[in-house]
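Heavy-atom basis, side chains included; hydrogens, waters and symmetry copies ignored. Quick caveat: nothing in here was measured; it's all calculated off a predicted structure.
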Amino acid sequence: MENTVRVRFAPSPTGPLHIGGVRTALFNYLFAKKHGGRFVLRIEDTDQSRFVPGAEEYIIEALEWLGIPFDEGPGKKGPFGPYRQSDRKALYESYARELLEKGWAYYAFDQPEHLEAHRKEHEEKGKTFIYNWHNREKLENSLTLSPAALEEKLKKGTPYVIRFKWPKDGSLVLQDHIRGAIHIDTNTLDDKVLFKSDGMPTYHLANIVDDHLMQITHVIRGEEWLPSLPLHVQLYEAFGWKAPEFAHLPLIMKPTGKGKLSKRDGEKMGFPVFPLSWKESAGYREAGYFPEAVLNFLAMLGWNPGTEQEIFSKEELISLFDLDRVQKSGARFDPDKNKWYNHQYLQQKPVEELLPPFRELLEKKGVSAEALEPARLMRIIELLRERASFVYELWDLGRYLFEAPSQYDEKAARKQWKPNTPIILQQLSGILKQADRFESASLEADVKAWIESSGLSFGQVMPPLRLVLVGSMQGLHLFDIMALIGKAETLSRITRGIDVLRPVDEL
């Protein structure tokens, strides 16, 4: 097990999974699979005050929908469970005690109001209050209390926290796989809380203990955790454990390129920032995105393969992924590029795969069962999808293939409907009634031959014909439309158009 690459994605169940978290999970997954390793999901719920019911289930469902399955985690047994920190509560206190015994931590009994007074005093002097070597011996903690006073407080159950004890005048050189060497002056670091008197650890202690016990070899996480790196590395040192390798991913930036992408950006600009819908917020799944397109798009946010290629299967991403090609600077989120990826996948997918969601869409629109014949629907998909980025757009692009027009574009009617148009269309109906094969190619040949033999121009026939069939001057190749809606419907629409569209001087 020691030589096996093991990574973890460790979200807190405080709400829906942000797209930035999805990108972190994806990079962990790709790295693990590239190296034949294990991808672990750990739910970090030590802060029960921020726990949101349903969030854990949401995270698991989102990862499954996206195609980023975890190898170990809640609901999937593994050798290092349980994988929910609240189920591991009994583990952490002994490690906090170990740090106390080794002199790497101390009890702090300071009341919140006393700490707030110190902060205000520092602010008045233009300074920042940091609880560390500079002032800890002036505060109420086990470094300043006598052994007897300390024991009495503990016996009384006086509320306390256990803080990490940073050494004075120390320096650290930290290694990050993406950012290289990072130099830290320990005098600038505060003595973080590791353990609370309610028996729960803070993120910092639980995170390190669990990564060690779960034999995590590489910690790949967002840039926002970079300030925690000194403490985490020093905790490994304090326990005498080998630290994993660290890699801090660049932030996903707003479409403007300034600031971190937020839920509000999506709501303001009309694009999803969550994989699945959450309460009033839209999700990628419900917005019609393919999970493969979302993954492909996210993989290119902060990473590139060093080539011009942009479309990758998951297997290709696994094969090519390399932390050395992850950039340091933030990656701008481009909603248009996001849609472009979905368009590309829509074009590539087998028509048979698009049929079920298209059919479901049509059923919701109330399209009759006889109009849902699979071969017909697949032909419609083939003809329409070049102009679509989402399956739901096929309805807007081809609605006239399922519903006769209820009204006609007035501007087009004024331009195309001439005094002799009804007579021409009536004659055309006679030709169409005689058609033995109501297929696009043969219809086109028959109608063009009739136009030429009648001494008519294509402009006298084709535009008004499109108008009565579609209701506007848009749509597919006219003979494809006629073949798809069939002879009876074609003739019916021509008849209705003649009845509804009055002579041009009355329009």
Partners passing ring-ring contact (aromatic ring centres under 6.0 Å, His included) against His18 (at least two apart in sequence or in another chain): none
Could you please spell out the steps behind the side-chain contact (heavy atoms from CB on, under 4.5 Å) verdict for Leu476 and Leu401? CA-CA 10 Å; Leu476 294 171; Leu401 298 172; 4.1 Å; yes
Is it true that [X] and [Y] make a salt bridge, defined as a side-chain N closer than 4.0 Å to a carboxylate O?
X      : Y      : answer
Glu64  : Lys76  : yes
Glu267 : Arg264 : no
Glu223 : Lys260 : no

Is there a donor-acceptor pair closer than 3.5 Å between any side-chain N or O of [X] and the backbone N or O of [Y]?
X      : Y      : value
Ser442 : Arg437 : yes
Glu439 : Ala441 : no
Arg332 : Pro255 : yes
Arg179 : His248 : yes
Thr46  : Thr202 : no
Tyr400 : Gln474 : no
Arg6   : Val40  : no
Arg376 : Ala371 : yes
Lys418 : Lys415 : yes
Thr307 : Gln309 : yes

Would you indicate whether the side-chain heavy atoms of [Y] and [X] approach each other to under 4.5 Å?
X      : Y      : value
Pro69  : Tyr29  : yes
Leu172 : Val233 : no
Leu174 : Ile184 : yes
Pro405 : Leu469 : no
Thr24  : Trp225 : no
Asn207 : Arg221 : yes
Leu301 : Phe333 : yes
Met214 : Glu72  : no

Interatomic spacing from CD in Glu444 to CG in Asp480 - rounded to 0.5 Å: 8.5 Å
Counterpart residues, salt bridge (charged side-chain N to carboxylate O under 4.0 Å, His left out), relative to Asp87 (two or more places apart): Arg84
Residues which pass salt bridge (charged side-chain N to carboxylate O under 4.0 Å, His left out) with Arg387, listed by chain and number, not counting sequence neighbours: none
Criterion side chain to side chain contact (heavy atoms under 4.5 Å, CB included) against Leu432, the qualifying member of Asp446, Leu425, Leu491: Leu491
Reference residue Thr4; test side chain to side chain contact (heavy atoms under 4.5 Å, CB included); the match among Arg38, His35, Gln215: Arg38
Only pairs at least two apart or in different chains count here, so list each side-chain hydrogen bond (donor to acceptor under 3.5 Å, both in side chains) that has a residue in residues 485-500. Tyr408-Arg496, Glu489-Arg493
[X] and [Y]: side chain donor to acceptor below 3.5 Å:
X      : Y      : value
Ser389 : Asn342 : no
Tyr203 : Glu44  : no
Asp210 : Tyr92  : yes

On a heavy-atom basis, which atom in [X] and which in [Y] lie closest, and how many Å separate them?
X      : Y      : result
Gly302 : Pro250 : CA-CG, 4.1 Å
Leu501 : Ala413 : CD2-CB, 4.0 Å
Leu377 : Leu372 : CD1-O, 3.6 Å
Tyr341 : Asn296 : CE2-ND2, 3.3 Å
Asn28  : Phe39  : CB-CE1, 3.8 Å
Pro74  : Leu41  : CD-O, 3.5 Å

Geometric cation-pi criterion Lys365 and Phe402, 6.0 Å radius, 45° cone: no
Residues at least two apart in sequence or cross-chain that pass side-chain contact (heavy atoms from CB on, under 4.5 Å) with Leu323, listed by chain then number, are Phe31, His177, Ile220, Ala247, Phe321, Val326
Asp190: what forms a side-chain contact (heavy atoms from CB on, under 4.5 Å) with it, not counting sequence neighbours? Ile130, Lys192
Hits for side-chain hydrogen bond (donor to acceptor under 3.5 Å, both in side chains) against Gln347, two or more places apart or cross-chain, chain-then-number order -> His343
Would you indicate whether [X], at its atom [atom1], is surrounded by more than 12 heavy atoms from other residues, nucleotides or ligands within a distance under 6.0 Å?
X      : atom1 : value
Gln407 : CD    : no
Glu310 : CD    : yes
Lys268 : NZ    : no
Glu386 : CD    : no
Glu280 : CD    : yes

Below 30° counts as parallel, above 60° as perpendicular, anything between as tilted: where do the rings of Tyr95 and Trp241 land? perpendicular
Summary of ring-ring contact (aromatic ring centres under 6.0 Å, His included) pairs that have at least one residue in residues 373-399, sequence neighbours excluded: Tyr289-Phe390, Phe390-Tyr392
For [range], pull every pair meeting salt bridge (charged side-chain N to carboxylate O under 4.0 Å, His left out), keeping only residues two or more places apart or in separate chains.
range            : answer
residues 312-329 : none
residues 247-257 : Lys254-Asp265
residues 460-479 : none
residues 392-405 : Arg399-Glu403

Determine, step by step, whether Lys33 and Asp71 satisfy the salt bridge (charged side-chain N to carboxylate O under 4.0 Å, His left out) criterion, reporting the C-alpha distance in whole Å, the side-chain angles of both residues, the deciding distance to 0.1 Å, and the verdict. CA-CA 11 Å; Lys33 299 308 162 187; Asp71 300 303; 2.8 Å; yes
